[in-house]
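Reviewing the structure listed below.
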Amino acid sequence: MKPLRVRAAVCVLALGLLTACGGSGQDVVDSSNVPRLRAHAADAVNGRPRTVLPQGPRSVFTTYRTTGDDGTKVLHTKWHGRASGYTGDVWAWVPPQYAQPQYARSGFPVLIALPGAWGYPANYWADAPFALEERLAEWSKQGKTLPFILVMPVLNPRKAYYDGSDIPGQPKMGSWLTKDVPDFVRANFRTYGSRDGWAYMGSSSGGFAALKAVLKEPQRFKAAIVNGPDTAPDSPLWKGHPAEELANDPRHLARQLVARGGPQVYLAFELGSKEDAVPDVKRFISGYTNGARGPIHSTLFEIPDGVHSGHTYIKRMADSLHWISEQMQGPVAAPSV
């Protein structure tokens, strides 16, 4: 599946994807058919979910870009990961609801958004061409999605593919994505103590990392939006390490999760109809996910005439975010406010 990533790399500039790869920079996204979220049963059954207040140390942020007239900004910082030993760039955005008085003591769900291609030195989901932050502010205000905290780390430490994994002898990018980046979030923002508040979203190589993270650590992460992914590890850095490669293969992880019977995870796949990966992704869905029976639940949004590009995936992002939002915990307003 390496050609998918190579083609994505050709299609990427530092701040977005080239228009030749399937978009114009002014993507038309129609969310009119996306319904409002249902009331969350978890609020009634479990009462007020456990909010985890920021633990520190607080990061020093700079403004990366302003995201509209609601006062929100994409912030940038560097974070040193204790688990991986890697120090990398991280971009973060909190929704307008985060600063509203009624939610001042509430946790918020977290979406760790991963780019495609090299994912280095930037993460294009922080940039204006896709306007993911502005769109999420609108959709959550309309009650169609939860108001996620978006966290957008660098995917790789340099121009090489690490498959979001701890490949022997290489930078520990699996630990960076699943341990260090969540530590960064907990240090700086109000979150939830349970996996009901944690999800991934990724495209192409980032989609593989998102898929693998949720299947490998379902006790910590509940859901993922998986866009145009590889479904098997394919980094050349795995050479000589077959056991470790197998331990990071989503197919193997899915089989293990099914055999254990849980915990339940939720995967929203997005796929352009013209992508080479269509047969492979559909085989994965039919072979390892079981609809309502679980423990791996999935839905597929196949985009007509879509190609391997973020400009394709943004078109159905409201649907995907709605679907995983239905499975997760949103902020809880204080009754007296």
Side-chain angles (χ1 to χ4, degrees), residues 1-5 7-8 22 33-35 111 114 116 161 163-165 195 199-219 221-235 238 242 245-310 312-328:
M1 297 302 292
K2 180 62 69 179
L4 286 177
R5 291 180 176 174
R7 183 169 66 250
N33 291 326
V34 179
L111 184 69
L114 305 176
Y161 291 118
D163 280 347
S165 304
R195 72 189 194 108
Y200 281 88
M201 184 273 283
S203 299
S204 190
S205 53
F208 172 88
L211 174 65
K212 194 209 72 174
V214 171
L215 293 175
K216 192 175 181 68
E217 302 202 42
Q219 74 283 2
F221 308 103
K222 190 174 185 180
I225 298 171
V226 187
N227 304 326
D230 294 323
T231 58
D234 66 351
S235 171
W238 288 115
E245 181 178 359
L246 178 64
N248 288 275
D249 189 323
R251 300 165 300 180
H252 176 69
L253 294 167
R255 286 191 291 267
Q256 290 183 316
L257 186 55
V258 170
R260 293 196 304 268
Q264 311 278 308
V265 297
Y266 298 84
L267 307 172
F269 290 89
E270 292 188 32
L271 200 62
S273 65
K274 293 183 176 180
E275 291 196 60
D276 294 339
V278 169
D280 185 57
V281 172
K282 288 186 174 180
R283 276 194 299 269
F284 182 90
I285 292 171
S286 64
Y288 301 106
T289 70
N290 297 313
R293 291 173 291 165
I296 305 175
H297 307 273
S298 69
T299 188
L300 171 63
F301 298 107
E302 188 169 355
I303 299 126
D305 297 320
V307 296
H308 192 71
S309 166
T312 288
Y313 309 134
I314 195 69
K315 293 178 181 179
R316 297 303 298 271
M317 196 68 71
D319 301 89
S320 295
L321 283 167
H322 173 87
W323 193 80
I324 69 165
S325 291
E326 291 279 5
Q327 328 304 328
M328 299 184 67

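Along the sequence shown, the residues carry numbers beginning at 1. Computed from a predicted model, the values in this text were never measured in an experiment.
Going from atom CG of Asp319 over to atom CG of Asn33 covers 8.0 Å, rounded to the nearest 0.5 Å. The structure places CG of Asp230 at 11.0 Å from CG of Asp249, a figure rounded to the nearest 0.5 Å. Atom-to-atom distance recorded for Thr289:OG1 and His297:NE2 is 9.5 Å, nearest 0.5 angstrom. Of the inter-residue distances, the one linking Leu300 atom CG with Leu267 atom CG reads 11.5 Å to the nearest 0.5 angstrom.
Checked by atom type, the side-chain pair Ser235/Asp163 shows no donor-acceptor distance below 3.5 Å.
In this structure, Lys212 contributes its side chain and Gly164 its backbone to a donor-acceptor pair below 3.5 Å. Judged by distance alone, with hydrogens and angles left aside, the side-chain atoms of Lys222 form no donor-acceptor pair with the main-chain N or O of Met328 at under 3.5 Å. In this structure a side-chain-to-backbone donor-acceptor pair under 3.5 Å is present from Gln327 to Trp323. The closest donor-acceptor contact from the side chain of Thr299 to the backbone of Ala268 lies at 3.5 Å or more, if one exists at all. A side-chain donor-acceptor contact under 3.5 Å links Thr312 to the backbone of Val307.
The heavy-atom pair separating Arg316 from Glu302 by the smallest distance is NH1-O, 4.2 Å. For the pair Ile285 and Ser298, the tightest heavy-atom approach, listed with the atom from each and the gap, is CG2-OG, 3.5 Å. When all heavy atoms of Arg260 and Pro218 are compared, the pair lying nearest together is NH2-CG, 4.0 Å. A pairwise comparison of heavy atoms in Leu253 and Ala247 identifies CD2-O, 3.6 Å as the closest pair. The two residues Arg195 and Gln264 have their closest heavy-atom pair at NH2-O, 2.6 Å. Taking all atoms of both residues into account, the shortest heavy-atom contact from Ala210 to Leu114 is N-CD1, 4.1 Å.
Here the side chains of Ser273 and Val278 are not in contact, with every heavy-atom distance at 4.5 Å or above. In this structure, the side chains of Met317 and Asn227 come closer than 4.5 Å at one or more pairs of heavy atoms. At a threshold of 4.5 Å between non-hydrogen side-chain atoms, the residues Ser203 and Ser309 do not count as touching. Counting only heavy atoms from C-beta outward, the side chains of Ser165 and Trp238 approach each other to under 4.5 Å. Considering only heavy atoms from C-beta on, Phe284 comes within 4.5 Å of Leu211 through its side chain. Here the side chains of Leu257 and Pro263 are in contact, with some heavy-atom distance below 4.5 Å.
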Check the pair Leu321 / Met201 against side-chain contact (heavy atoms from CB on, under 4.5 Å), numbers first and verdict last. CA-CA 9 Å; Leu321 283 167; Met201 184 273 283; over 6 Å; no

Before you tell me yes or no, could you show the steps for Val226 and Val281 under side-chain contact (heavy atoms from CB on, under 4.5 Å), namely the whole-Å CA-CA distance, both residues' side-chain angles and the distance that decides it to 0.1 Å? CA-CA 10 Å; Val226 187; Val281 172; over 6 Å; no

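In this structure, Tyr200 and Phe221 have perpendicular ring planes: the angle between them is above 60°, well past the 30° mark.
Of the residues listed (His252, Arg283, Arg255, Arg251), the one engaging Tyr288 in a side chain to side chain donor-acceptor pair (under 3.5 Å) is Arg255, and it is the only one.
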